[in-house]
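Here the structure comes first, spelled out in structure tokens, and everything after it is commentary.
FYI, side chains are in, hydrogens and waters are out, and symmetry mates aren't considered; it's all heavy atoms of this structure.
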Amino acid sequence: MCGSVSQRLDSAHRVTHRYWSVTGSSSGLGRALVEAVLARGERVAAALRKPVVLDDLTAKYPKEQLLTIALDVTDKAQITRAFQLMEQH
């Protein structure tokens, strides 16, 4: 019973046109979230200091689905640039 309820909730709440922005995407929870979002077929902007860390995902997913952004969240210019890139994506 719990499995079927969970499946119904997942199906009922699935939205195909969401766009996710995830900081700290290189490891841990950020990386796991990026992977889960991509596996669901949704689009994501993955921000991290060294985008090369996600080369395995950029090779696996189309650029229309995954945008990787070099970002140090303490740098205001990089934050501004990250938002510009997301708006263009």
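Taking the side chain as every heavy atom from C-beta outward, Ser25 and Leu54 approach each other to under 4.5 Å. Side-chain contact check for Met86 versus Ile69: some heavy-atom pair is nearer than 4.5 Å.
Of the candidates Val22, Thr68, Leu29, Leu48, Val22 is the only one forming a side-chain contact (heavy atoms from CB on, under 4.5 Å) with Val34.
Among pairs with a residue in residues 69-89, those fulfilling ring pair (Phe, Tyr, Trp, His ring centres under 6.0 Å) read Tyr19-His89, at least two apart in sequence or across chains. Within the structure, the ring pair (Phe, Tyr, Trp, His ring centres under 6.0 Å) test picks out no pair touching residues 36-71 (sequence neighbours left out).
The OG1 atom of Thr80 sits 11.0 Å away from the CG atom of Leu85 when rounded to the nearest 0.5 Å. In this structure, Leu67 CG and Gln88 CD are separated by 9.5 Å, a value rounded to the nearest 0.5 Å. In this structure, the separation between OG1 on Thr58 and NZ on Lys63 is 12.0 Å, given to the nearest 0.5 Å. Atom CZ in Arg49 sits 9.0 Å away from atom CG in Leu71 (nearest 0.5 Å).
Using a 4.0 Å cut-off between charged side-chain N and carboxylate O, Asp56 and Arg31 make a salt bridge.
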Side chain to side chain contact (heavy atoms under 4.5 Å, CB included) assessment of Val37 paired with Arg40: CA-CA 5 Å; Val37 167; Arg40 290 176 60 107; 6.0 Å; no
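When atom types are taken as modelled, the side chain of Gln65 and the backbone of Glu42 share a donor-acceptor pair closer than 3.5 angstrom. At distances below 3.5 Å, at least one donor-acceptor pair connects side-chain atoms of Arg43 with backbone N or O atoms of Glu64.
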